[in-house]
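As structure tokens, the structure follows; a few thoughts come after it.
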Amino acid sequence: MRNLLNFLARYNNLIIFLILEGIAFYLLTSGNKYHNSRMLNSVRGITHGIEGKINNTRAYLGLREINEKLAAENVALKNSIGKLVKRDNPVFFSVEDSSNKQQYQHTSAEAIQNSINRQKNFFTINRGESQGIKVDMAVLSGNGVAGVIVGCSKNYSVAMSLLNLDFKLSARIKSNGYFGSLGWDGRDYRYAVLSEIPQHVLVNVGDTIETTGYSAIFPEGELIGTVSDYEKFGGDFYKITVLLMTDFKKLHFVDIIGNMKKTEQLELEKLYK
Amino acid sequence: MINSILRFGLIFILLILLQVLLFNNIQFSGYVNPYVYIMFILLLPVEIPSWLLLLLSFATGLIIDIFSGSPGMHTSATVLAGFVRPYVLRIVSPRDGYEPGSDPSMIIYGLRWFFSYALLMVVIHHTTLFYIEVFRFADFFRTMMRVILSTMFSMTFILLIEFYRRGK
């Protein structure tokens, strides 16, 4: 007993150190998975007040730019409405059966917390389960792909940013349809890397890269970026550097897209696996 | 006693605010993120009991983690920094030892001493932090590059703050 007490007295610092490091590593391994990070969501509730204030200031300073963007988007939407409405034949008109036709459901939100300076970046948006947000929904900025929802609380959601080493996305070259896997290499927040494009494919600088619909998360044909550079990598494939459309440093207003037919697709695919 | 608790409380709050509001938003080319909050661990009195030092390190790291949404990352790096601090102090100790009841600051022990002390601590902290962040040894040298560059920036800011404190 005395020996034990002596031992404890002698190494008490080491013991405290080990206990504290143990707690830290427990947090590190369990908290970072984000899918079951209840603690994180509740803790984030506390810091939201401060983050919200910082965010408000930032949004205010960027109002002019946001206005221009919204105006441009309005024009584009009006144009597309103009194409849809048929004015010259009032007797016959088509009825849109929305329950069958609509596949993707859009929700707008604001990113209230964002980071770009880590290797595994996440951002928080101000919509949650009460607004119909679920895990695995796609997040787009006004210009292109931004991330995927990985955790929801009642009124907030955490999304894994495209700027995350764990983020992988099926993407293709718009001009010829060849698809590969797109991910971030952790270097520059403006660029991502598209791999698995075979070398016989013709690639040009400036080619548009867009999403494929294969994952059932992102709708088909959403913009990701443009080819800024490519080089031969290994024997068979290109390594293509993609200039991202989304400016993550200014990420603020985002669209969240839910695929209403996702379960149907996944269940069918499960049958053949 | 009360006085020094107040003083360190103030330093603590100021450094955390600086880190969360200013330095967390700094990013040059993906390589440089200064982490200046570690300065709080540097400045605590020489004779602080080790258990208190460890607990304070833990609290500091945890608060930074909460604000940057990265559970455990800063906590583990900062606790390690708190654990090695007594050894670092022993390694760099000035020729006539430490004055009883003094703070390890530039004002008392001079620039050269403070520089080597802070550099050792910051390197230990940043190395742990950046390798825990990527959590793998692929891209070993790129992570090392980030450690070196970020250390340079953190050191610059820490020395600036120390000079400012001396000037007052």
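Quick caveat, the model's predicted, so the values are computed rather than measured. Numbered from 1 within each chain, the chains take letters A, B, ... in sequence-line order.
- The closest donor-acceptor contact from the side chain of Arg187(A) to the backbone of Arg142(B) lies at 3.5 Å or more, if one exists at all.
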For this session: For Ile16(A) and Phe83(B), run side chain to side chain contact (heavy atoms under 4.5 Å, CB included): C-alpha distance rounded to whole Å, both residues' side-chain angles, the deciding distance at 0.1 Å, then the answer.
Result: CA-CA 9 Å; Ile16(A) 296 175; Phe83(B) 180 70; over 6 Å; no
Considering only distance and modelled atom types, tabulate donor-acceptor pairs under 3.5 Å from the side chains of residues 48-65 of chain B, sequence neighbours left out.
from, atom 1, to, atom 2, distance (Å)
Ser50(B), OG, Asn13(A), ND2, 3.4
Ser57(B), OG, Leu53(B), O, 2.7
Thr60(B), OG1, Leu56(B), O, 2.6
Asp65(B), OD1, Ser70(B), OG, 3.1
Asp65(B), OD1, His74(B), N, 3.0
Asp65(B), OD2, Gly72(B), N, 2.9
Asp65(B), OD2, Met73(B), N, 3.3
Asp65(B), OD2, His74(B), N, 3.3
Asp65(B), OD2, Thr75(B), N, 3.0
Asp65(B), OD2, Thr75(B), OG1, 2.5

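- Contacts between Leu163(A) and chain B at a heavy-atom distance below 4.5 Å are absent for every atom of the residue.
- Proximity to chain B (any heavy atom under 4.5 Å) is restricted, for Phe25(A), to the side chain, taken from C-beta onward.
- Applying the 6.0 Å contact sphere to CD of Glu65(A) captures no more than 12 heavy atoms from other residues, nucleotides or ligands.
- Counted within 6.0 Å of NZ on Lys168(A), heavy atoms from surrounding residues, nucleotides or ligands total more than 12; the atom is thus considered enclosed.
- Taking 4.5 Å as the limit, every side-chain heavy atom of Glu133(B) sits out of range of all side-chain heavy atoms of Lys120(A).
- Around the CG atom of Asn67(A), the shell of radius 6.0 Å holds more than 12 heavy atoms that belong to other residues, nucleotides or ligands.
- Contact annotation for Asp185(A): only backbone heavy atoms (N, CA, C, O) come within less than 4.5 Å of a heavy atom of chain B.
- Both the backbone and the side chain of Leu20(A) come within contact range of chain B, with heavy atoms under 4.5 Å apart.
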